[in-house]
Student: 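Following this message is one structure expressed as structure tokens.
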Amino acid sequence: MQCAHCQQKVIYAKNRLCKEHFLNFYHKKVDHVLRQVALEGKKILVGVSGGKDSASTAHALLNAGCSIELLYLDLGITHYSDESREAASHLAEILGVPLHILNFKKEHFTITEANKLIQCGKIEGAICGTCGLSKRFFLNKFAFENGFDYIATGHCLDDELAFIMINLKNQDLLQLARVGPTVRGDLVNKLVGKVKPLYYLTEKENRLYAVLNRLPIHAGECSYATNNTQIAMKEMFNIFEEKFPHFKHNITRSIRKLIAESVKVEKAVLTSCSVCGYATTKERSECLFCCTKRRIGMTLLEPKP
Ligand code: Q46
Ligand code: ZN
Ligand code: ZN
């Protein structure tokens, strides 16, 4: 099949694009997000996981002329963390940018330790919730302490749609106010601004971008992914997308419009956590992360029967 714009062979069938036109299409989608934030001359921290989405984020930001450094969070998940850390190191080498590594084992608890406590009923919650909370906390803390202006993550259209659907399922309309490609920083409350450069791109497009640019990626999955609601939802959306092209894009756009028109959210009043000094809501003197850390810490110290 021939490209819709030139004589070259198609490599992306959905939009009938050759390699060159696919890369143009991809960079335009990234530019669309970057135009919404002024990143020129700003110091950007990219959270990398060793996977295709964050690797593509780092590459696309460099291509757009941004100044980036990478942060890899070592979650301490047996095998998975070692292999993904290697991919992240290789990526930093290829891109020629600094890589920082923050080890959960040194900071508090590993995700493997937390999961054991959840499995035997010593602490409540789902492991992916604890993992996500810890990742967000450390990404922000590291960026704030090291003077970064923005945090960039590999969140893409699939993540956004899954986030929307989970909150609709849970009837948590207030959470829906968090959708969108950028979040403004609030340095008084030690919150660094966030940007999702791949917001308008799908995981499939990110995988193709990573392959075309020969980016080192770790394709293995975390051993706890089978319990991840987001991943289960994404698999269903892929079936819809196959049957109804642009399903993900159109549904996300429609829901964002509905949210903008109907969900009125009062901005939460923030204050400092009494333990770590980072942001928490005025109703909760200890932030959610410190509360989780304290519960896990207390459980680990409990004497064995
Ligand atoms: S790393 Fe962490 Fe994921 Fe593993 S424990 Fe769940 S959230 S599945 S993207
Ligand atoms: Zn072409
Ligand atoms: Zn705290």
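Every heavy atom of this structure was used, including side-chain atoms; hydrogens, water molecules and symmetry mates were not. All ligand and atom numbering here is 1-based and tracks the order in the structure.
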Student: Only heavy atoms of C128, strictly under 4.0 Å: list the atoms of ligand 1 that pass.
Tutor: 5 (S), 6 (Fe), 7 (S), 8 (S)

Student: Indicate if the distance from atom 6 (Fe) of ligand 1 to the nearest N, O or S atom of C131 falls below 2.8 Å.
Tutor: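 No, C131 does not qualify, because none of its backbone or side-chain N, O or S atoms lies under 2.8 Å.
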
Student: Out of the N/O/S atoms in H21, what is the name of the one closest to the Zn ion (ligand 2)?
Tutor: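 Result: ND1.
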
Student: Got a sec: is C18 within less than 2.8 Å of the Zn ion (ligand 2) via an N/O/S atom?
Tutor: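 Yes, within the cut-off.
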
Student: Please check if any side-chain donor atom of E69 sits under 3.5 Å from a side-chain acceptor atom of H100, or the reverse.
Tutor: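 Yes.
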
Student: Can you confirm if the NZ or CZ of K248 lies within 45° of the ring axis of F237 and under 6.0 Å from the centre of its six-membered ring?
Tutor: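 No.
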
Student: For Y72 and S84, does a side-chain donor sit closer than 3.5 Å to a side-chain acceptor?
Tutor: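 Yes, a side-chain donor-acceptor pair sits under 3.5 Å.
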
Student: Are L215 and K52 packed together at the side-chain level, in the sense that at least one heavy-atom pair is separated by less than 4.5 angstrom?
Tutor: no

Student: Determine, step by step, whether E241 and K14 satisfy the salt bridge (Lys or Arg N to Asp or Glu O under 4.0 Å) criterion, reporting the C-alpha distance in whole Å, the side-chain angles of both residues, the deciding distance to 0.1 Å, and the verdict.
Tutor: CA-CA 10 Å; E241 182 80 24; K14 190 174 142 201; 2.9 Å; yes

Student: Return the residue, atom name and 0.1 Å-rounded distance of the protein heavy atom closest to atom 4 (Fe) of ligand 1.
Tutor: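 Of every protein heavy atom, C222 SG, 2.3 Å lies nearest to atom 4 (Fe) of ligand 1.
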
Student: Tell me the protein heavy atom at minimum distance from atom 9 (S) of ligand 1, and give that distance in Å.
Tutor: K135 NZ, 3.9 Å

